[in-house]
Amino acid sequence: VQLVESGGGLVQPGGSLRLSCAASGYTFSHMGWFRQAPGKECEFIAQISRGGTAYGDSVKGRFTISRDNAKNTVYLQMNNLKPEDTAVYYCAAPRGVIAWGLIRSRGAYGYWGQGTQVTVSS
């Protein structure tokens, strides 16, 4: 089982990026995105499953998660990026089904990608 992120980079404030996460070896019921900035805790960003989507408060209305089941890939479209969005972004998936109340919990996800750096700066 492997999760591979791509699409990170340097962007100016107000710009956009799209991250991709390709899963191999298994089709996950849930797929999510987290991020971690230097000196800060890991933060829940978004999740997608048959139950729907969910977003962290800091990105709601700016980020959109989507999924292409045929490609076993999840995307994170990030618009109106701010300097505080600078972080390493990680794709994550659980070993089974997550209770809806736990989808924001890092501990509910057993598989993680290697991370992709997003830097928002002028």
**OP:** Hey, could you give me each pair passing ring pair (Phe, Tyr, Trp, His ring centres under 6.0 Å) that has a residue in residues 41-68? Not counting sequence neighbours.
**Re:** Phe34-Phe44
**OP:** Could you name each residue pair satisfying ring pair (Phe, Tyr, Trp, His ring centres under 6.0 Å) that touches residues 85-108, not counting sequence neighbours?
**Re:**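 Every pair satisfying ring pair (Phe, Tyr, Trp, His ring centres under 6.0 Å) with a residue in residues 85-108: there are none.
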Original post:
By ring pair (Phe, Tyr, Trp, His ring centres under 6.0 Å), which residues pair with Tyr75, not counting sequence neighbours?
Top reply: none
Show me the side-chain donor-acceptor pairs of residues 6-16 shorter than 3.5 Å, one per line, residues at least two apart or across chains.
from	atom 1	to	atom 2	distance (Å)
Ser16	OG	Asn79	OD1	2.9

**OP:** Give every residue pair that meets the disulfide bond (SG atoms under 2.5 Å apart) criterion with at least one member in residues 14-88, sequence neighbours excluded.
**Re:**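 For residues 14-88, and leaving out neighbouring residues, the disulfide bond (SG atoms under 2.5 Å apart) pairs sorted by first residue read Cys21-Cys91.
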Original post:
What pairs with Arg18 under salt bridge (charged side-chain N to carboxylate O under 4.0 Å, His left out), at least two apart in sequence or on another chain?
Top reply: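 For Arg18 there are no salt bridge (charged side-chain N to carboxylate O under 4.0 Å, His left out) partners, ignoring immediate neighbours.
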**OP:** Work out which heavy atom in Ala37 is nearest to a heavy atom in Ala87; give both atom names and the distance.
**Re:** N-CB, 3.8 Å
Original post:
What are the two closest heavy atoms between Ser20 and Trp33, and how far apart are they?
Top reply: O-CH2, 3.7 Å
**OP:** Please examine the side chains of Leu19 and Val118, heavy atoms only from C-beta on, and report whether any two atoms are closer than 4.5 Å.
**Re:**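 With C-beta onward as the side chain, the pair touches.
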**OP:** Following the transitive rule for hydrophobic clusters with a side-chain heavy-atom cut-off under 4.5 Å over Ile, Leu, Val, Met, Phe, Trp and Tyr, establish whether Met31 and Val1 coincide in one cluster.
**Re:**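 They do share one cluster, since a chain of ILVMFWY contacts under 4.5 Å joins Met31 to Val1.
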Subject >> Same apolar cluster: Val74 and Ile103, side chain cutoff 4.5 Å >> reply: no
Original post:
Applying salt bridge (Lys or Arg N to Asp or Glu O under 4.0 Å), which residue pairs with at least one partner in residues 45-57 are found, sequence neighbours left out?
Top reply: Asp57-Lys60
Subject >> salt bridge (Lys or Arg N to Asp or Glu O under 4.0 Å) contacts touching residues 25-45 (sequence neighbours left out) >> reply: Arg35-Glu43, Arg35-Asp85
Original post:
For the side chain of Asn72 and the backbone of Ala23, is there at least one donor-acceptor N/O pair under 3.5 Å apart?
Top reply: yes
Original post:
Is the side chain of His30 donor-acceptor paired with the backbone N or O of Ile98 at a distance under 3.5 Å, no angle test?
Top reply: yes
**OP:** Identify, with sequence neighbours excluded, every residue that meets side-chain hydrogen bond (donor to acceptor under 3.5 Å, both in side chains) alongside Arg67.
**Re:** Asn69
**OP:** List for me each residue that meets side-chain contact (heavy atoms from CB on, under 4.5 Å) alongside Ser29, sequence neighbours excluded, and say none if there are none.
**Re:**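 Partners of Ser29 by the side-chain contact (heavy atoms from CB on, under 4.5 Å) criterion, ordered by chain and then number, come out as Pro94, Val97.
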**OP:** Could you note down all residue pairs passing side-chain hydrogen bond (donor to acceptor under 3.5 Å, both in side chains) where residues 108-122 supplies at least one of them, sequence neighbours left out?
**Re:** Glu5-Gln114, Gln117-Thr119
